There are 4 protein chains.
Amino acid sequence: MSWNSFGRVFRFTTWGESHGPALGAVVDGCPPGLALDESIIQPFLDARRPGQTKFTTQRQEADQVRILSGVFEGNTTGTPISLLIENTDQRSKDYSEIADTYRPGHADWAYDAKYGSRDYRGGGRSSARETAARVAAGAVARLVIPEIAITAYVVEIGGDAIDRAAFDAEEITRNPFWCPDAAAAARWERLVDGARLAGSSLGAVVECVATGVPAGWGAPIYAKLDADLAAAMMGINAVKGVEIGDGFGAARLRGEDNADPMRPGDNAPDFLANHAGGIAGGISTGQPVVCRVAFKPTSSILAPVESVTRSGEATEVRTRGRHDPCVGIRGTPVVAAMMALVLADHKMLHRAQCG
Amino acid sequence: MSWNSFGRVFRFTTWGESHGPALGAVVDGCPPGLALDESIIQPFLDARRPGQTKFTTQRQEADQVRILSGVFEGNTTGTPISLLIENTDQRSKDYSEIADTYRPGHADWAYDAKYGSRDYRGGGRSSARETAARVAAGAVARLVIPEIAITAYVVEIGGDAIDRAAFDAEEITRNPFWCPDAAAAARWERLVDGARLAGSSLGAVVECVATGVPAGWGAPIYAKLDADLAAAMMGINAVKGVEIGDGFGAARLRGEDNADPMRPGDNAPDFLANHAGGIAGGISTGQPVVCRVAFKPTSSILAPVESVTRSGEATEVRTRGRHDPCVGIRGTPVVAAMMALVLADHKMLHRAQCG
Amino acid sequence: MSWNSFGRVFRFTTWGESHGPALGAVVDGCPPGLALDESIIQPFLDARRPGQTKFTTQRQEADQVRILSGVFEGNTTGTPISLLIENTDQRSKDYSEIADTYRPGHADWAYDAKYGSRDYRGGGRSSARETAARVAAGAVARLVIPEIAITAYVVEIGGDAIDRAAFDAEEITRNPFWCPDAAAAARWERLVDGARLAGSSLGAVVECVATGVPAGWGAPIYAKLDADLAAAMMGINAVKGVEIGDGFGAARLRGEDNADPMRPGDNAPDFLANHAGGIAGGISTGQPVVCRVAFKPTSSILAPVESVTRSGEATEVRTRGRHDPCVGIRGTPVVAAMMALVLADHKMLHRAQCG
Amino acid sequence: MSWNSFGRVFRFTTWGESHGPALGAVVDGCPPGLALDESIIQPFLDARRPGQTKFTTQRQEADQVRILSGVFEGNTTGTPISLLIENTDQRSKDYSEIADTYRPGHADWAYDAKYGSRDYRGGGRSSARETAARVAAGAVARLVIPEIAITAYVVEIGGDAIDRAAFDAEEITRNPFWCPDAAAAARWERLVDGARLAGSSLGAVVECVATGVPAGWGAPIYAKLDADLAAAMMGINAVKGVEIGDGFGAARLRGEDNADPMRPGDNAPDFLANHAGGIAGGISTGQPVVCRVAFKPTSSILAPVESVTRSGEATEVRTRGRHDPCVGIRGTPVVAAMMALVLADHKMLHRAQCG
């Protein structure tokens, strides 16, 4: 969890800029003997890949991953797995006009203030393109936790929420919004397309559920499972909020309404509710781990926004480039990847301590 | 950020159980030459100390801190600062009846599932009493960032929110709720007392603002300032949600409403809004850093809740002990401490890289 | 391995100065369910304790350890174990005259150059007294690796080496030098006493062997078992060299003389030699892990040595205080403790990755 | 310092196997604004490159480095620097016969025992080819410490040492042995060639000196500068011993002979000797930092050595492949690189804490 590395025992490091020659991840500490080749990783990258519908950026990237190390004769060896994704559709020229202008809502000013300069081509390192490397790493993490099923989906776009009663897991992959409610998906089609045509953008809330997590993962006090999930999710581009279980809703409940009663079960208690989102005291309870993530609307919009240049003069920024009208949509596979990465690390960390 | 340590260069490790002889923190990596003695730390512990009003637990703890190392002739030496707080009011007997019962909403079952046993006296390591050590460490962290003012306050209890128009910073320390709105504080007095008398409990939302944070702190990608704050806050007992800036509210805004326009300023841009909460791309922008934290209602309530025993039999849990009817209140100084700890670490981390 | 913490999954943090009120260690990540009380740790501290013979410093310290957390009903809980050792014989006055003088060979000047000031009482944090905390932590580490036997002994003092042919493991605890060769021990008695009476000091070489380490511990590339041992040993006060297996002697061998041939064994190869000291490619081979550590002569001597004062004036330093004439002797239990701490960490790290 | 990453604030991660498509390093935490392109790194790789004289392996590798990220318009940006080196001369067939045989002295058995399988092509991850990535990372580290001059050279091969009185720094790059003594270099030519022709191998001792290191770098207790150097050096392939300053020689000196007296200097003491090798209490003193590293003879030799197969049968191993008769020679630039990497990290770590 330092600079560009994440994790304690299952660790990964990402590198690369939006418009450099390539980006990638080095996955370190992976257990040996797991079957792995590019075809196992590629579907996850394809799910995140831009340019597939009109609801996401039209940037075209093949996002083909190559494994450069750590796999021998089809299995992980236990040594670092280097994953490389070449950038193919870079169009650096699109960004020339913003070289000297700070785009509001982007990290342009903050990066410049920190480093004294910045790679302005598409945001450089601050681009959401970095998340492709996480998704690739997350695909490896999933091999470490085959007992766990992770599902991420959008529950709200622009304030329009799904109907929980209409939740249908199979619907999630049937629409371009990862939406589990067919009716909501239909509404969002008009909503997102309207925002796109208006040069505006919309926020979203993504929910992620991991089932099959055994009780006992997570570690007090500063390696709590929920604290790690919070860091993992908040670090995704455009994310401004994270909830576990009932989250902010829990703050409005009375104690008796927030209780998760238990009854005798087979080898573990049966829980009658899951307000806690599967985590108590930072440790998994055996219930589904539930987390919700708030994505702000994309900062790149057509409407002019007041800004300043690097030399401190007033200017206005209007973004005409290729951008996601609702970045939360493509953020959904990233949320799932981060869940997998956190859980893989905690499975191994738990095994280290408790055998 | 591993096990019981937090931070990269300004690091602290906490230890201790609710009902052991003592608890403490070791603060490591602190710059030398900072004036420090117990009297600098004690006021922060006093602010968190239980038993001061009827709105918090009646457990009586002096919470007197002792500095055992790292300070010589009144100044930090750069070597580890060991802080010790003795437990004085332990009443272990209060907890004897729960030795074999898992309290719903607590970490009892999760700890037992992880470790195969647990210190059941007051929750052991999972007790919020551990946060005293963080508050002590946070007092040291504040010495590292004298340019920064940190204020934490409660903005909502049991769903009853303050009126932002009535915000008065001076009011915060005038009522037992850290409430910046006198009228809300008056309402909460009835609300919290009612919950207390009913043996019930209430959730709360705490807001924390740090002003004076210069632009440029934080580091992509996995040491983002907001990601670290999210981890820091989510790791506090009873916290279930964290927001930066507009947080989940941003997910409901359109891009043009979420923009933080900039105008030319003296040495840095003047921002016309702060939806981002002072952080862009994981790096501080120079605006106030704003974060909001959701505390669930205390799980210890008088109403009976179904549960199971360690041997797997059905039982019921009613909690008659001394507990906070709204744990978010005493969590407020803890939130401020974690903000200080994160910022001190990032100031030093930034200095390491960028001089 | 940062500031005052060591280890990855089995981690400990030490704190305290030579002449503060106390010193201690926080052991974190320890597996749960290990039987532990003070009586298990104390014998290791007693072995390192000063003032027991005329061959070590006459400082009298009880070095009684107290466990403040992490143990419940006689077993480790998996939460941090706080170990406290009070300083009882501090005699700060002995050191008043060196407050403004840098003692050659000590860290006085280096600490001052780094921190701008220093705790001059007995070297403060740079005192070898810190190693008591490691020895206490090491006693806990041994519980994690009950399958392993660790023996440390002195093989050379002042250039006078033992006769390997006379090696008798039972002799090690029969003399005040941890010497496995009775004849050498007799010679050293005169040698060390002579140095003591002359106000001089002697260096020593300590060897440490761990048997029972299974093949497979250690991790490429920057968590190699030998690299970790090297860091662990070189970080002990007064240590200037570390060897694994044949060490520098291997640099003088031809390949065919340095080979460790293998023959078929029961479940693993039988090795015909152990030039490698039980580690190949940073990973244990199943043979005994062998390491040797060079201690310089104590810098505190009666002979005057040219030096400078804090204000930059010429002076002379003669040390009349209570000091070890051969610090390597009391360093022997510290070497064994560091071996235990490294192995415990690697056992757990290996379990994390390879199950 | 975990798995395949090294460093705290200046960190690098290496990946890649001897016979995979490529290997590389990700350098993270590098300060921004440092002029960097491939031409700055390449000379260091060329110095380590095989196949240049008959005294090193005849494997031909171009070792051309590519920078894939972290540099924009000729300067470091502060984001991760991805360095890629393709493997061109892999000849996997050479290794086919050892797929089922453990080569004595190599990590074959240890890797197999750890991971349950191994990449047997040239040792896979355990190959010294990994050090190319360190050398590339080290070239970046040097940019962080322009005030420091690092020189590494061979002081002994096969037990034949240089004459210190004949030391000539300019000689080091004039012979294929990095030897500062022309007469020794002449002797070594015959010595090494003789070993090569006999299919034997020789050990070596490499010395590394860093001048210009200011007083104050390094940090007690577990981030001592000498402890980090020890880990860095011991982790290099074939290294079995590390000394700081007089090292094992100090163990044979009396205190008065090991003293480094000080006299008043300009801004710091003038030292009359440097037995300590520029480090006291783990912190630099301002004197040259001196470290010595023992390389064992290459394990790949023509003479048959008893061994076992994976299935546990007796066999014999003779190595006919392309190997270094004295791996310490090519290890010399690696030693210098590790020195640079440790010092860059400590410069930044010191700046973090002490400003």
Side-chain angles (χ1 to χ4, degrees), chain A residues 2-5 7-33 66-87 99 111-112 114-121 124-127 130 133, chain D residues 2-5 7-33 66-87 99 111-112 114-121 124-127 130 133:
Chain A
S2 209
W3 307 115
N4 293 275
S5 297
R8 294 176 191 81
V9 285
F10 187 93
R11 297 156 56 90
F12 70 99
T13 300
T14 69
W15 56 270
E17 282 83 42
S18 175
H19 287 67
L23 55 86
V26 180
V27 178
D28 200 6
C30 184
R66 284 181 63 206
I67 298 174
L68 296 183
S69 68
V71 175
F72 182 60
E73 297 181 341
N75 286 290
T76 59
T77 60
T79 62
I81 302 165
S82 180
L83 304 170
L84 185 92
I85 301 166
E86 288 187 48
N87 286 327
Y111 264 62
D112 214 348
K114 182 175 192 70
Y115 298 120
S117 69
R118 68 187 169 96
D119 179 347
Y120 49 77
R121 301 166 304 167
R125 183 70 181 149
S126 73
S127 165
E130 183 269 346
Chain D
S2 210
W3 307 115
N4 293 276
S5 298
R8 294 176 191 82
V9 284
F10 186 93
R11 297 157 56 91
F12 70 100
T13 301
T14 69
W15 55 269
E17 281 83 43
S18 174
H19 287 66
L23 54 86
V26 181
V27 177
D28 200 5
C30 184
R66 283 181 63 205
I67 299 174
L68 296 182
S69 67
V71 175
F72 182 59
E73 297 182 341
N75 287 290
T76 59
T77 60
T79 61
I81 302 165
S82 180
L83 304 171
L84 185 91
I85 301 166
E86 289 186 47
N87 287 326
Y111 264 62
D112 212 349
K114 180 174 194 70
Y115 298 120
S117 69
R118 68 187 168 96
D119 179 347
Y120 50 76
R121 300 167 304 167
R125 183 70 181 149
S126 73
S127 165
E130 183 269 345

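Remember, predicted model here, so these are calculated numbers, not experimental data.
- Atom OG1 in D/Thr76 sits 10.5 Å away from atom OH in A/Tyr115 (nearest 0.5 Å).
- Annotation: maximal heavy-atom pairing with chain A below 4.5 Å, among D/Arg125, D/Glu73, D/Lys114, occurs at D/Arg125.
- If you measure heavy-atom distances from D/Leu84 to chain A, the contacts under 4.5 Å come from the side chain alone.
- Contact record, A/Trp3 with D/Arg8: NE1-O, 3.8 Å, taken as the closest heavy-atom pair.
- When each of A/Gly124, A/Pro32, A/Pro80 is scored by its heavy-atom pairs under 4.5 Å with chain D, the top score falls to A/Pro80.
- If you take OG1 on D/Thr13 and CZ on A/Phe12, they are separated by 12.0 Å, rounding to the nearest 0.5 Å.
- The part of D/Arg66 that comes within reach of chain A is its side chain, from C-beta onward, which places non-hydrogen atoms under 4.5 angstrom from that chain.
- Considering every non-hydrogen atom in both A/Phe72 and D/Arg121, the closest pair reads CE1-NE, 3.2 Å.
- Heavy-atom pairs under 4.5 Å with chain D were tallied for A/Gly70, A/Gly24, A/Gly33; the largest tally goes to A/Gly70.
- Of all heavy-atom pairs between D/Thr79 and A/Tyr111, the closest is CG2-CE2, 4.3 Å.
- Rounding to the nearest 0.5 angstrom, the gap separating the CG atom in D/Asn4 from the CG atom in A/Asp28 is 4.0 Å.
- With respect to chain D, the highest number of heavy-atom pairs below 4.5 Å among A/Gly16, A/Ser117, A/Gly116, A/Ser82 belongs to A/Ser82.
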